[in-house]
Amino acid sequence: GVPSSEGFTKVAASTAANGTDEEIAVGRGANLIQVSPFTGARSADLNLPYVLRVREISGTPAPSCPAYTHPYTGTPGVMPDLTALGPDLQTVFLVNRQRLGDLYPADQVDTVMARLQTLAADPSVHGVVIPVDAANGTNGLPDVAGAYAAWDGAQCDPGLANLVSDRIGMLVDGIVAGTLPGVVPHPYVFNVVLVGSDTVVPMARISDTTRIGNENSYEGFAKNTAIGGALSTGHFLSDAPYGDVDPLPWNNRNLYLEDRAVGRLVENPTEIIGTIDQYLASGGILSPSSALVAGYDWMKTGATKVADELGSSLSTANGATVTPTRLINDTWSAATLLGSSGIGGAHPRVTSLFMHADHTQGFSATSTQATPDAFTPQGLADALPVGPQLVFSMGCHSGLNEQDTASRTMVDFPEAMAGVKGAVYVAATGYGLGNESGAELHDGLMTSFANQLDGAVSIGDALWLAKQEIGRAHV
């Protein structure tokens, strides 16, 4: 075999043929080429020349994209006095007030801002609302507004979207570390909440170096849109950088293991307000008296592990035995999942779905390409019980939220969960990756997350702890 150089654990491609025939290796994201003699022979003993030809193909250029347009003209936000923030601050809400006002009527935006202030003032939240558009490069603040202006002219450019998220991250880091003028450190900021869709506060565009299941193969978005432009150029979308001050250098890129919990309120004012009101009405408490886990195909092992973990953790949190309903087989249909044998009968407060999906639909265990059997996000939301609940999904792109426009209105899973039920929703924005062991990648993360739901920490912290656990195990 070919020995791997010390310090390089990921091999993009290799070839190891005996003889003098031409060999070819094709790798994505490779940054080191290693040539070794066959079967451990020493180069000095061989005394043979070789020719190495390298052909480098640059990444896909960002597609042409229309400039940012909007039906209304929003009012810019006003930055609060950051020097007056107490050192015991725990939560930072990030919203672009002007951007929200570009998309929705002024009275609705005013209501959103007022409800955010109410939520921030709640003793269980202890937060501050930061209108990021008010940071314009003056008074020692990063120029977030200027980054938005640059992105508006080229919405499909992942680099310009990342310029926005980077400068917002600088603003958050300055508040936490106390490096902004006159601002004291805030070491107890454990939560960052983004308000609105990717259009309002962009997700970071992170290079996808996988060769199987690369985001450039997902066809759910037109390429001449902001999200479509990111996916088509081989990027996945993530909010993780907003919660990680010091990402780990890993395989010539950054690995984001958040320092604090990160969440997002989507999408329109009615849905955002509904989620806030649900939290305030319940006192931020979810009583997990029932659960359901559904899974099929290679995801059955992961689904079984999650069901086992939920049975233990939710029983601890509930103070009484919780036995999750299990639909873990290759025979359940969409009607079974949503009906009396599934969600309609179990009335679960915690629902976990190990399914194939895209951001507009989920597929049942009996679905095939020839005879698809799917359910919509709205259909799932309608089947779920009323009141506080948690839904988490393994489905590919089932966590990806798309901003509605005049020409395209789409209720995706995040919007349906927020808009109809005010549910806490956890799902992948990209491809859900795993294997039949149920212990790796996303299914391993979901298992660890289920284990943390014993009532000792918040749901946000449970996800944060699960990510830390998986990160420590694999990095």
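The basis for the numbers below is simple: all heavy atoms, side chains too, and nothing from hydrogens, waters or symmetry mates. This is a predicted model, so every value here is computed, not measured.
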Ring geometry between Phe375 and Phe413 (parallel below 30°, tilted from 30 to 60°, perpendicular above 60°): perpendicular
In terms of ring plane angle, is the pair Phe190 and Tyr188 parallel, tilted or perpendicular, where the classes change at 30° and 60°? perpendicular
Sequence neighbours left out, what pairs pass salt bridge (Lys or Arg N to Asp or Glu O under 4.0 Å) with at least one residue falling in residues 229-242? Asp239-Arg264
With a 6.0 Å cut-off on the ring centroids, do [X] and [Y] count as close?
{"X": "His359", "Y": "Phe221", "result": "yes"}
{"X": "Tyr68", "Y": "His70", "result": "yes"}
{"X": "Phe392", "Y": "Phe449", "result": "yes"}

Within the 3.5 Å criterion, strictly below it, is a donor on [X] or [Y] matched to an acceptor on the partner's side chain?
{"X": "Glu309", "Y": "Thr447", "result": "no"}
{"X": "Asn136", "Y": "Asp143", "result": "no"}
{"X": "Tyr296", "Y": "Ser364", "result": "no"}
{"X": "Ser217", "Y": "Tyr431", "result": "yes"}

Please examine the side chains of [Y] and [X], heavy atoms only from C-beta on, and report whether any two atoms are closer than 4.5 Å.
{"X": "Leu119", "Y": "Leu280", "value": "yes"}
{"X": "Gln278", "Y": "Pro388", "value": "yes"}
{"X": "Glu215", "Y": "His235", "value": "no"}

Which heavy atom of [X] sits nearest a heavy atom of [Y], and at what distance?
{"X": "Ser367", "Y": "Pro372", "answer": "OG-CA, 3.3 Å"}
{"X": "Ala147", "Y": "Leu163", "answer": "CB-CG, 3.8 Å"}
{"X": "Pro87", "Y": "His186", "answer": "CA-CD2, 3.7 Å"}
{"X": "Val144", "Y": "Ile168", "answer": "CG1-CG1, 3.7 Å"}

Of Thr429, Leu237, Val266, which is the lone residue that meets side chain to side chain contact (heavy atoms under 4.5 Å, CB included) with Asn401? Val266
Identify which one of Asp110, Asp133, Asp102 satisfies the side chain to side chain donor-acceptor pair (under 3.5 Å) criterion when paired with Arg97. Asp110
